[in-house]
Amino acid sequence: MISKFTTLIEVLRHRASVTPQTVLYSFIEDGNERKSEFTYSQLDERARAIASYLQTKINKNDRALLLYQPGLDYIEAFMGCLYAGVIPVPAYPPDGRNLKRLLHVINDANAAIALSTEAIYNNVSFLSENGASDQIRKESSEFVQNIQWHLSDTIATAEADKWNDADITKEDVAFLQYTSGSTNNPKGVIVTHHNLMTNFDFSEKAFEMSPERQMVSWLPPYHDMGLIGGILQPLYSGMRTTLISPVSFIKKPLKWLSVISECGKNGKIISGAPNFAYELCVNKISDDQINDLDLSNWTLAFNGAEPIRAATLEAFAEKFKTTGFKKEHFFPVYGLAEATLLVSAGNVPELPIVKKVNKILLEENTVTEKVENESDFIEKVGCGVELKGQKLRIVDPATKIECEENTVGEIWISGPNVAKGYWENPEETEMTFNCTIENEEDSSYFRTGDLGYLNENQLYVTGRLKDLIIIRGKNHYPQDIEFTVQNSHEALRKDYGAAFSLDLNGEEQLVIIQEVKREFKRKIDIKEISNIIRSAVSKEHQLVPAHIILIEPSTFPKTSSGKLQRRASKDQFLKNELKELETETAYSL
């Protein structure tokens, strides 16, 4: 930790002065091995150049929407905003799929400008004239007209000498991190410089980060895990970082592991991703390709941002054990944007803590390892313990009373890493960031909306409060039902389906929407697969689905960060807007 510094600006200025020629970031271009690099001095110089330009165009604390492909252009623009005292708003580059979300962000943040590149601006202008549909043309045109565009790749580096220090303090807003919008419209989380520095300190201690280690990341830089964990944290901790694009990983998961293998020749590696990434590696990388990998120096493989599955950890460790990867190097974590990033973490190196619990009693919010039948077990993975300097509590969301150990409730947190609230949304901020626990004085908590429990101080996350399915008084977690569905037949695409409940004929009943893999679209028996799904759900969860809907490939709604949009899929079902292969009629209960 560089404790004498209070902002990331001071950190970069210091490192650019002390180790100017040290390479901080390397970015590997898509489809080849060509690298572009930034030393500390180069990043500082480009940040000052962009900042000096911004200081002539907009005011301190104005918002700038960042519209970039992953790469060094994005990083220099983000740091340029910080140097100028302008508040950056990271966002995906506009295309035909996300324009509506971007228009919402522009209006919500009241963004003064969009910072981007000439190529991206030209692409949006093209969409506004030649979009795939009238709706896309309309939204593209509205997007182009609603905001002033400034192209950072046209700003001369010589402008750096004109930069004026913006006198940023730790209480100033660093940036707005818009939530994924998986359960409602995206909200702008207000992250201060103090929030950032606190989170950096928490993470550095938990992950044992130092300049002697390296980071490898393919995570999208527009969200908290990729931006803070994969880009900004290494700057704070002085770690060389190799970046690849998310598209490169999705197209070829081997790319991620190959870069880790290559970088591992020069020291220990920290890298990680959501659970689905490890599962993708297991399913898409062949045994022959494994022979060329050396993962022995990948000593911390963090896993977070979505439910962590014990079966995935086991399968990955088993498949890649010949590469030198060790299961004890897995590092399950829990975090979210409203906590800047990190909330809980374990110890390294230490085997992930996996507990078998009674899934029947878990439906009643009670955690016990006692069962009558082996089939009544469900495995839960520990996500670490409370961080020093922070409070983590499990609270009954109805009574606001703290839950006892081994009782499921809502996860509440308090500490200097918790953000200041939602941008221009005082009502939502008051309801979620300023909560108090019954009979506890002088503490204000953020309620995460996530459900979980504590066992021997270890946090176990069970699901989202808003997504919880309650049928006949029993709690059912949608991700568990979805997992059962997607593993019942090889034709069903994993992580592309939803389970939710609806009031049908005066009774809460289960609805399942599931995407089919493209290669199976024309050669499956819809009725047979529906019966297989129904049988699996009935056996595992004692529920009989009222509707099972199989939909076309690549049509299930997801957020820009890849999170399931169960509410959106539910709305599509109610409006009869699903692109279905066939709809099973209501099953007699």
Side-chain angles (χ1 to χ4, degrees), residues 108 170-203 206 223-225 227-229 304-306 333-345 383-403 407-454 457 459-468 561 563:
D108 190 77
K170 67 178 184 179
E171 298 304 329
D172 283 321
V173 179
F175 70 103
L176 298 184
Q177 177 68 72
Y178 272 80
T179 59
S180 62
S182 57
T183 57
N184 46 33
N185 281 329
K187 297 186 288 287
V189 179
I190 304 169
V191 180
T192 68
H193 286 274
H194 185 55
N195 292 149
L196 270 179
M197 301 301 278
T198 301
N199 188 85
F200 292 149
D201 187 33
F202 284 170
S203 297
H223 300 286
D224 49 359
M225 197 176 190
L227 173 59
I228 299 173
E306 65 181 26
V333 294
Y334 168 70
L336 68 170
E338 289 88 345
T340 307
L341 181 60
L342 191 64
V343 171
S344 66
C383 294
V385 300
E386 174 185 273
L387 303 174
K388 187 176 181 181
Q390 174 193 264
K391 295 179 182 178
L392 189 158
R393 302 288 184 265
I394 305 297
V395 180
D396 185 311
T399 66
K400 310 293 176 62
I401 296 174
E402 186 173 355
C403 297
T407 300
V408 176
E410 187 179 9
I411 302 169
W412 288 23
I413 55 173
S414 177
N417 59 319
V418 175
K420 296 304 179 186
Y422 295 122
W423 182 259
E424 298 296 318
N425 197 337
E427 291 184 4
E428 189 76 17
T429 296
E430 183 63 28
M431 286 191 299
T432 55
F433 282 86
N434 299 313
C435 303
T436 56
I437 296 175
E438 194 74 20
N439 301 321
E440 181 177 328
E441 298 179 357
D442 302 325
S443 287
S444 181
Y445 289 86
F446 166 71
R447 54 184 307 175
T448 66
D450 289 323
L451 295 169
Y453 63 91
L454 292 171
N457 296 319
L459 174 66
Y460 296 81
V461 182
T462 58
R464 288 287 296 169
L465 181 59
K466 289 183 178 179
D467 290 335
L468 191 65
S561 60
K563 292 182 179 179

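Note that the numbering runs from 1 along the sequence shown for the chain.
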So, taking the atom named CG in N417 and the one named CD in E338, what distance separates them when rounded to the nearest 0.5 Å? 11.5 Å

Report yes if the side chains of I190 and F433 come closer than 4.5 Å at any heavy-atom pair, otherwise no. no

With rounding to the nearest 0.5 angstrom, report the CD1 to CD1 distance, I394 to I401. 15.0 Å

If you count the non-hydrogen atoms of other residues, nucleotides and ligands that lie under 6.0 Å from CG in N434, is the total more than 12? yes

Is a side-chain N or O of E386 found less than 3.5 angstrom from the main chain of N457, in a donor-acceptor match? no

K400 vs C435 side-chain heavy atoms within contact, under 4.5 Å: no

I228 to N199 - nearest heavy-atom pair and separation: CG2-ND2, 3.8 Å

To the nearest 0.5 Å, atom CD of E424 lies from atom CG of L176 at 9.5 Å

Taking all heavy atoms of I411 and all of T448, pick out the closest pair and write down the distance. O-OG1, 2.8 Å

Which heavy atom of K388 sits nearest to which heavy atom of F202, and what is that distance? O-CE2, 3.1 Å

Counting C-beta onward and ignoring hydrogens, is there a side-chain heavy-atom pair between Q390 and V343 closer than 4.5 Å? yes

May I ask you to test the L227-Q177 pair for a side-chain heavy-atom distance under 4.5 Å? yes

Is there side-chain contact between K170 and M197, with at least one heavy-atom pair below 4.5 Å? no

Between the side chain of S414 and the main-chain N/O of K391, is any donor-acceptor distance below 3.5 Å? no

Distance in Å, H194 NE2 paired with L196 CG, rounded so as to fall on 0.5 Å steps: 11.0 Å

Atom pair CD1/CG of I413 and L336 - distance to nearest 0.5 Å: 5.5 Å

When you compare the side chain of L459 with that of L454, does any pair of heavy atoms fall below 4.5 Å? yes

For M431 and R447, the nearest pair of non-hydrogen atoms, with its separation, is O-CD, 3.6 Å

If you compare all heavy atoms of G229 against all heavy atoms of L341, which two are closest, and at what distance to 0.1 Å? N-CD2, 3.7 Å

Steps toward side chain to side chain contact (heavy atoms under 4.5 Å, CB included) verdict (T407, Y453): CA-CA 6 Å; T407 300; Y453 63 91; 6.0 Å; no

Relative to each other, are the rings of W412 and Y445 parallel, tilted or perpendicular (30° and 60° limits)? tilted

Before you tell me yes or no, could you show the steps for E438 and T399 under side chain to side chain contact (heavy atoms under 4.5 Å, CB included), namely the whole-Å CA-CA distance, both residues' side-chain angles and the distance that decides it to 0.1 Å? CA-CA 8 Å; E438 194 74 20; T399 66; over 6 Å; no

Just so I know, are the side chains of T179 and P186 near enough to count as touching, which here means a heavy-atom distance under 4.5 Å? yes

Side-chain donor-acceptor pair present, T198, N195, cut-off under 3.5 Å: no

Measuring from L451:CG to R464:CZ, what's the distance to the nearest 0.5 Å? 8.5 Å

Shortest non-hydrogen contact from G449 toward E410: N-OE2, 2.9 Å

